[in-house]
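Only one structure is covered here, and it is reproduced in the block below.
Lettering of chains follows the sequences in order, A, B, ..., and the numbering in each one begins at 1.
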Protein chains: 2
Amino acid sequence: MAKYTINDVAKAAGVSKATVSRYLNGRFERMSLATRRKIKAVIADLGYVPNYNASALKSKRSHQIGVVVGDVSNVYSTFLIKGISGVTRTRQDQILIADGGEDPQQETVAIKNLLSQNVDGIILQPARPDASGYQFLKDAGVPVVLVDRLLRPLLFPCVTSNDTASGKLLAQAALEKGYQNVIVLSHPVDQATVRYERYRAFAAVCRGANIPINLLEVEDADDVSGLRAALDAAQSMKSVIFATNGILLMAALRWLQQQQIAVPKQVGLCGYDDWNWGELANPPLAVVNQNPEKIGREVALRLEQLIAGKEVFVGRTEVPAEVHIRESL
Amino acid sequence: MAKYTINDVAKAAGVSKATVSRYLNGRFERMSLATRRKIKAVIADLGYVPNYNASALKSKRSHQIGVVVGDVSNVYSTFLIKGISGVTRTRQDQILIADGGEDPQQETVAIKNLLSQNVDGIILQPARPDASGYQFLKDAGVPVVLVDRLLRPLLFPCVTSNDTASGKLLAQAALEKGYQNVIVLSHPVDQATVRYERYRAFAAVCRGANIPINLLEVEDADDVSGLRAALDAAQSMKSVIFATNGILLMAALRWLQQQQIAVPKQVGLCGYDDWNWGELANPPLAVVNQNPEKIGREVALRLEQLIAGKEVFVGRTEVPAEVHIRESL
DNA sequence: TTGAAAGCGCTAACAT
DNA sequence: ATGTTAGCGCTTTCAA
């Protein structure tokens with residue numbers, strides 16, 4: 001693979017490989033300017049590229065951090081990665097992306113693979129809230145920070161959106177418009193603490209206003225036809241749909257358009273928008289934007305601290321979301 | 001890091017580490033079922049995780065492939081990664097994502113980092129079309145496949161969308177609606193062959209129909225206000241805007257809405273849509289969808305072949321795009 | 001069918 | 001300011 005080794009550089013520069021190693025690791029303190037320049041020239045000349053596998057073997061630092069997301073094609077993950085990448089790039093670290101597939105088994109395989117690669121740390125959007133499935137990760141002794149979803153008990157530091165607060169704001173805005181019935185469209189709420197919090201926030205506001213709330217759980221965003229029954233059940237009461245993530249929000253709008261149900265005239269719509277298109281939709285959508293890139297930066301900073309050996313509070317850090325009320329309500 | 005090594009497993013199982021290594025690499029051909037079972041039990045018992053850095057050092061296979069995209073937060077990249085990830089997962093490979101930042105220097109640093117990590121191969125969406133800046137990659141001898149953009153000369157196999165064909169279809173659809181002036185909104189066309197092809201396809205159709213075409217190049221999708229002057233210059237001629245990528249398409253629609261310019265009544269709009277929201281926009285947009293997930297699969301398959309030592313045609317493979325004509329024209 | 005031993009490219013004492 | 005040396009955890013001949 002690598003054409004030249006540290007030995008080749010050492011020979012060509014007429015120094016020992018220890019000196020070259022010092023050069024590579026930026027320990028110039030007690031190195032003559034002459035050898036420093038010489039080594040630099042030789043490296044450029046040969047096009048030498050150091051082998052991190054070898055250095056990781058010795059130094060226990062791979063300069064790689066693992067990121068396990070639920071679904072790489074989700075735009076939320078995209079911005080998350082962007083945020084993480086901005087932080088790690090300045091640290092010369094690379095990010096190893098693994099797709100957990102929202103599936104505990106696939107996720108476990110992915111995490112073990114990352115451990116095998118000796119990542120310096122892991123950022124994890126866990127597929128399930130039960131901490132017992134992650135004990136092996138804790139035992140591995142690798143720095144871990146959770147993102148977007150909590151574990152019970154927490155086990156690791158965690159960065160999320162302020163879901164309860166944003167959910168409440170959105171719910172209040174919806175109820176002010178006079179809806180008499182609420183339909184929450186979500187993936188199974190007991191599989192992710194955050195979904196549950198969003199649902200709970202909505203439910204709390206509805207209860208306060210004495211408005212009925214129905215939970216419609218779907219496994220797959222491709223089929224939200226269950227909305228039909230939920231709307232029928234509401235009879236003459238005017239309904240608003242609350243989608244707990246961007247995929248479902250998009251799916252709901254698509255379905256409403258196909259069914260030729262006017263929004264917000266016949267049915268209201270609001271939800272979480274990670275895709276930044278809510279403003280451009282027809283009609284413009286009332287949404288919460290979570291600012292996932294910021295979340296990514298925050299989580300990466302915490303991980304870097306852990307890797308540097310600093311203490312990090314094992315608790316939840318909330319990044320404030322933005323709530324945009326628009327015509328869909 | 002890893003708590004146990006192959007030595008610990010060997011001792012606990014009462015065999016040599018060579019035997020454990022054979023087990024780990026699935027070479028069971030001439031291994032007694034007893035030892036095989038014994039090793040399996042010990043590994044499970046200890047929770048042993050192999051160290052890929054060490055194995056990579058010896059075997060020259062890191063089971064990592066590098067992916068360099070122009071911008072990780074672009075939805076195109078997202079689906080690309082999804083497609084790649086589906087292929088690599090079945091091969092037990094991990095993907096190292098690097099953000100090239102659409103900047104040759106940052107990209108070069110990213111690629112060198114990937115080489116240092118001894119990736120088995122690289123998938124690259126190059127920031128610039130000039131092959132000379134990538135000679136060092138060619139020299140490194142690592143398998144490389146290009147995606148989305150070509151190099152001149154090509155140097156590596158490449159997978160893209162069929163841009164000329166889809167651009168022509170979109171252009172023809174636009175001109176059939178009777179527009180008298182075309183504005184192409186693009187990032188600098190000479191920095192990416194594919195953008196240039198899209199522009200050229202449009203230009204060719206316009207030339208055939210004797211319709212004037214104006215190229216508006218922007219550096220940053222956050223500022224598309226140059227559209228104002230372009231529209232003014234058209235005077236009374238009815239204009240259609242063609243955005244050469246999803247970000248600009250979104251930016252254009254946002255700008256038109258802010259300026260309260262009715263689409264398609266006053267100005268037509270069409271372009272490339274990697275975000276899958278064209279259908280839901282107001283108005284629904286006439287777009288080309290490139291199918292980036294398919295592109296990701298194709299490019300990953302080619303890379304895996306190269307890694308496996310097979311020959312791959314150093315030429316362009318085109319994945320057909322879908323053209324959707326909708327109300328925005 | 002299994003083991004012994006050399007070595008992959010690098011780092012980090014310890015010398016000098 | 002620089003060199004010597006002993007590994008890091010694994011794979012892979014070669015031998016048994």
Side-chain angles (χ1 to χ4, degrees), chain A residues 1-40 42-43 46-64 92 113 115-120 140, chain B residues 1-40 42-43 46-64 112-113 115-120 140:
Chain A
M1 181 115 335
K3 286 159 52 178
Y4 296 103
T5 74
I6 199 173
N7 257 316
D8 301 318
V9 176
K11 262 177 227 158
V15 297
S16 77
K17 54 181 191 165
T19 304
V20 179
S21 172
R22 286 186 194 106
Y23 173 89
L24 291 173
N25 292 287
R27 287 196 290 274
F28 307 125
E29 307 94 53
R30 293 171 302 199
M31 185 183 298
S32 76
L33 204 57
T35 49
R36 180 169 169 182
R37 284 210 185 110
K38 181 72 188 160
I39 293 173
K40 181 172 182 186
V42 169
I43 287 179
L46 296 179
Y48 164 75
V49 177
N51 180 335
Y52 284 1
N53 282 314
S55 84
L57 194 54
K58 202 67 227 193
S59 69
K60 307 294 175 204
R61 275 277 262 154
S62 64
H63 291 281
Q64 296 188 165
Q92 311 236 47
N113 256 321
L115 293 176
S116 277
Q117 301 282 8
N118 292 304
V119 289
D120 296 331
Chain B
M1 180 111 338
K3 286 159 52 179
Y4 297 104
T5 73
I6 199 172
N7 258 315
D8 300 318
V9 176
K11 263 176 227 159
V15 297
S16 76
K17 55 182 191 163
T19 304
V20 179
S21 172
R22 287 187 193 105
Y23 173 89
L24 291 174
N25 293 286
R27 285 196 292 273
F28 309 126
E29 307 95 52
R30 294 171 300 199
M31 184 183 298
S32 76
L33 204 56
T35 50
R36 178 171 171 179
R37 284 208 185 111
K38 180 72 187 161
I39 293 172
K40 180 173 184 181
V42 169
I43 287 178
L46 296 179
Y48 164 76
V49 177
N51 180 336
Y52 284 1
N53 281 314
S55 80
L57 193 53
K58 217 44 241 186
S59 68
K60 307 296 174 203
R61 274 279 263 154
S62 63
H63 291 281
Q64 295 187 166
K112 290 204 169 154
N113 258 322
L115 292 177
S116 278
Q117 301 283 7
N118 292 305
V119 290
D120 296 331

Shortest non-hydrogen contact from [X] toward [Y]:
{"X": "Thr35(A)", "Y": "Val15(A)", "value": "CG2-CG1, 4.1 Å"}
{"X": "Tyr48(A)", "Y": "Ile6(A)", "value": "CE1-N, 3.7 Å"}
{"X": "Ser116(B)", "Y": "Pro50(A)", "value": "OG-O, 3.0 Å"}
{"X": "Leu46(A)", "Y": "Tyr4(A)", "value": "O-CE1, 3.3 Å"}
{"X": "Ala10(A)", "Y": "Val20(A)", "value": "CA-CG2, 3.7 Å"}
{"X": "Ala54(A)", "Y": "Leu57(B)", "value": "CB-CD1, 3.6 Å"}

**Study point:** Runs of at least three Watson-Crick or G-U pairs with DNA chain D, cut-off 3.5 Å
**Key:**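 The stems are C:1-16 with D:1-16.
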Within the 4.0 Å heavy-atom criterion, would you say [X] contacts the bases, only the backbone, or no part of the nucleic acid?
{"X": "Ser21(B)", "result": "base"}
{"X": "Tyr48(B)", "result": "sugar-phosphate"}
{"X": "Val20(B)", "result": "nothing"}
{"X": "Asn53(B)", "result": "nothing"}
{"X": "Arg27(A)", "result": "sugar-phosphate"}

Review point. OP1 or OP2 of dT2(C) sitting under 4.0 Å from any side-chain N/O of Thr35(B)?
Key: yes
Atom pair [atom1]/[atom2] of [X] and [Y] - distance to nearest 0.5 Å:
{"X": "Asn51(A)", "Y": "Thr5(A)", "atom1": "CG", "atom2": "OG1", "answer": "9.5 Å"}
{"X": "Arg61(B)", "Y": "Asp120(B)", "atom1": "CZ", "atom2": "CG", "answer": "4.5 Å"}
{"X": "Arg27(A)", "Y": "Ser21(A)", "atom1": "CZ", "atom2": "OG", "answer": "6.0 Å"}

Tell me: [atom1] of [X] to [atom2] of [N], nearest whole Å?
{"X": "His63(B)", "N": "dG9(D)", "atom1": "NE2", "atom2": "P", "result": "19 Å"}
{"X": "Asn7(B)", "N": "dC8(D)", "atom1": "CG", "atom2": "P", "result": "9 Å"}
{"X": "Arg37(B)", "N": "dT1(C)", "atom1": "CZ", "atom2": "C1'", "result": "16 Å"}
{"X": "Asn51(A)", "N": "dG9(C)", "atom1": "CG", "atom2": "C1'", "result": "6 Å"}
{"X": "Tyr52(A)", "N": "dC10(C)", "atom1": "OH", "atom2": "C1'", "result": "12 Å"}
{"X": "Leu57(A)", "N": "dT11(C)", "atom1": "CG", "atom2": "C1'", "result": "10 Å"}
{"X": "Tyr23(B)", "N": "dT1(C)", "atom1": "OH", "atom2": "C1'", "result": "17 Å"}
{"X": "Leu115(A)", "N": "dG9(D)", "atom1": "CG", "atom2": "P", "result": "15 Å"}

Check your understanding: Is it true that atom CZ of Arg37(A) has more than 12 heavy atoms of other residues, nucleotides or ligands lying nearer than 6.0 Å?
Key -> no
Given [options], the nucleotide with the shortest approach to the side chain of [X]:
{"X": "Asn25(A)", "options": "dG9(D), dT11(C), dC10(D)", "value": "dT11(C)"}
{"X": "Arg22(B)", "options": "dT2(C), dT11(C), dG9(C)", "value": "dT2(C)"}
{"X": "Met31(B)", "options": "dG9(C), dT11(C), dT2(C)", "value": "dT2(C)"}
{"X": "Thr19(B)", "options": "dC8(C), dG3(C), dC10(D)", "value": "dG3(C)"}

Strictly under 3.5 Å: I want the nitrogen or oxygen pairs between protein and nucleotides 5-7 of chain C, one per line.
{"residue": "dG7(C)", "atom": "N2", "partner": "Lys58(B)", "partner atom": "NZ", "Å": "3.4"}
{"residue": "dG7(C)", "atom": "N3", "partner": "Lys58(B)", "partner atom": "NZ", "Å": "3.2"}

Check your understanding: When you match Ser16(B) and Ser59(A) each to their closest nucleotide on DNA chain C, which lands nearer the 5' end?
Key ->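 The 5'-side residue here is Ser16(B).
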